[in-house]
*Asks:* 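Mind looking over this structure? Questions follow.
Everything numeric here is computed off the predicted structure, so don't read it as measured data. A, B, ... follow the sequence lines: proteins, then strands. Residue 1 opens every chain. Below, each value reflects all heavy atoms present in this structure, side chains not excepted, and no hydrogens, waters or symmetry copies.
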Number of protein chains: 2
Amino acid sequence: MQTTSGRHDLELALGEQINALVSATRALSERSAATFHPQLQPAAFHIARWLYAFGPARPSQVAEAVGMDRSSTSTLIGKMRALGLLDASPAPEDRRGTVVRLSADGRDRVAATLEERGKEFYGRVRSWSDDDLGRLVALLGRLTAERPALS
Amino acid sequence: MQTTSGRHDLELALGEQINALVSATRALSERSAATFHPQLQPAAFHIARWLYAFGPARPSQVAEAVGMDRSSTSTLIGKMRALGLLDASPAPEDRRGTVVRLSADGRDRVAATLEERGKEFYGRVRSWSDDDLGRLVALLGRLTAERPALS
DNA sequence: CGAAGTAGTTTGCATATCTCCACTATACTG
DNA sequence: CAGTATAGTGGAGATATGCAAACTACTTCG
């Protein structure tokens, strides 16, 4: 069964499992987004949590990565900077660009939001062994280790 | 009780990995949604793929599960039924309600969209062993086995 | 039986986001 | 240099979605 078609089936199965996970978390994500910061639109949370997961980046990278247009991204980044959630510094190699990163406060807020949301998820793994849970975390870590290679 | 702190760290790590995965897939999801069906809004794809992952359900369950309100859900379900992507049947135990399920065409379209999107993801697991990939699929399956218990 | 509650639909309105476009500042190319 | 391309910002109008309320059909409870 270690054939090419088995491999393809495995990849399809991975796609379906990722789909299930994303579907299952979508409601929570949207609700978290709404409560991330009272003065911000939901999409701001998508930007913040991408920066939390993948680190500092240029606004256009962020826009591409989260699937928003540059205009909205720019506006939201501006608001988050005004609220002290993000810091921006000029890009070292290209003075047209900037690099945005979460501030300490921004990181704390994302972490708090994720943990709050995660509570509704922890019940599912309550019966898991530490080994299985650790394995899943490690494998997901490998899966998301690289920044998305977007089209 | 002292072992719970390691456990809690594991759970936090799981939350962060899920966050990374959801963040990484968000752009792809949004783009897939736009191309799922030319005459449908993006959110229709969220409904369709939830049904694909978790099977037939009542409209209100769907709305709750994907984090949309009942009115938008109802409208989108109506459009998808008109396009033949969904079938609806009266709920067996409560004639106020209905149960919606993907039609064969709807299932095919979701599968095609997922596979198309997945291609951009498969590159990441190309170097993985079948064992590791199978393990991840199995663990994700356990994680998403139950329908979301929403609050 | 009647009253109250629930599932689903529909409508009107508010808001968030997208699309396109223009503009500035900087980078690259010939 | 001059001309073109790119990063980021901002605006105007269009669309998608959320929210609240009304309405029908059905269920449940007293």
*Asks:* Would you kindly give the CZ-to-P distance between B/R31 and C/dC18, to the nearest whole Å?
*Replies:*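 After rounding, the reported distance stands at 11 Å.
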*Asks:* Mind calculating the distance between CG (A/L86) and C1' (D/dT9) to the nearest angstrom?
*Replies:*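 My rounded result for the distance is 16 Å.
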*Asks:* Can you tell whether the side chains of A/E115 and A/K119 come within less than 4.0 Å, N to carboxylate O?
*Replies:*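 Not counted as a salt bridge, because no side-chain N and carboxylate O are separated by less than 4.0 Å.
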*Asks:* Contacts to DNA chain D from residues 70-79 of chain A, heavy-atom cutoff under 4.0 Å, which residues?
*Replies:*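 Correct list: A/R70, A/S71, A/S74.
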*Asks:* Tell me the interatomic distance from B/M80, atom CE, to C/dT9, atom C1', rounded to whole angstroms.
*Replies:*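 B/M80 atom CE is separated from C/dT9 atom C1' by 15 Å.
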*Asks:* Show the nearest heavy-atom pair for residues A/A91 and A/R58, with the distance to one decimal.
*Replies:*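 That closest heavy-atom pairing would be CB-CD, 4.1 Å.
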*Asks:* Pick the closest DNA chain C nucleotide for B/R81 and for A/M68 by heavy atoms, then say which residue is nearer the 5' end.
*Replies:*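 Residue closer to the 5' terminus by nearest nucleotide: B/R81.
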*Asks:* Among D/dT9, C/dT17, D/dT17, which nucleotide has an atom closest to any side-chain atom of A/P59?
*Replies:*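 Given the options D/dT9, C/dT17, D/dT17, the side chain of A/P59 is closest to D/dT9.
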*Asks:* Would you give a per-nucleotide map of nucleotides 24-30 of chain C, 5' to 3', where B means the base has a protein non-hydrogen atom under 4.0 Å away, S means only the sugar-phosphate does, and - means neither?
*Replies:* -BBS---
*Asks:* Rounded to whole angstroms, how far apart are CG on B/D69 and P on D/dA21?
*Replies:*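 Nearest whole value for this atom pair: 14 Å.
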*Asks:* Is B/R117 salt-bridged to B/E120, cutoff N-O under 4.0 Å?
*Replies:*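 No, this pair does not count.
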*Asks:* Is there a side-chain hydrogen bond (donor to acceptor under 3.5 Å, both in side chains) between A/S29 and A/R49? Walk through the geometry before answering.
*Replies:* CA-CA 10 Å; A/S29 292; A/R49 75 155 151 190; 3.2 Å; yes
*Asks:* Whole-Å distance between D/dA16 C1' and B/H46 NE2?
*Replies:*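 To the nearest whole Å, that distance equals 11 Å.
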*Asks:* Where is the tightest heavy-atom contact between B/R124 and A/L143, given as atom of each residue plus distance?
*Replies:*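 Taking B/R124 first and A/L143 second, the nearest heavy atoms are NH1-O, 3.1 Å.
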*Asks:* Would you say the side chains of A/Q17 and B/T144 form a donor-acceptor pair under 3.5 Å?
*Replies:*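 Distance-only check passes for A/Q17 and B/T144.
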*Asks:* Students often mix this up, so state it plainly: with edges at 30° and 60°, are the rings of A/F36 and A/F45 parallel, tilted or perpendicular?
*Replies:*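 It falls in the tilted class, 30° to 60°.
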*Asks:* Is there a path of hydrophobic side-chain contacts, each under 4.5 Å between heavy atoms of I/L/V/M/F/W/Y residues, joining A/L12 to B/L140?
*Replies:*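 No, B/L140 and A/L12 fall in different hydrophobic clusters.
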*Asks:* How long is the line joining CG of A/L40 and P of C/dT15, in whole Å?
*Replies:*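 In whole Å, C/dT15 P lies 16 Å from A/L40 CG.
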*Asks:* Rounded to the nearest angstrom, tell me the gap between atom CD1 in B/I47 and atom C1' in D/dG18.
*Replies:*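 One finds 13 Å between C1' of D/dG18 and CD1 of B/I47, rounded.
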*Asks:* Using whole Å, what does the distance between atom P of nucleotide C/dA16 and atom NE2 of A/H37 come to?
*Replies:*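 So the NE2-P distance, A/H37 to C/dA16, works out to 15 Å.
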*Asks:* From the list D/dA7, C/dA16, C/dG8, which nucleotide is the closest neighbour of the side chain of A/R58?
*Replies:*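 So the side chain of A/R58 is nearest to D/dA7.
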*Asks:* Can you see if the side chain of B/S60 gets near the phosphate of C/dG8 - specifically, an N or O under 4.0 Å from OP1 or OP2?
*Replies:*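 Yes, because at least one side-chain N or O of B/S60 sits under 4.0 Å from OP1 or OP2 of C/dG8.
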*Asks:* Minimum heavy-atom separation for A/A44 to A/L76, with atom names?
*Replies:*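 Closest pair (atom of A/A44, atom of A/L76, distance): N-CD1, 3.9 Å.
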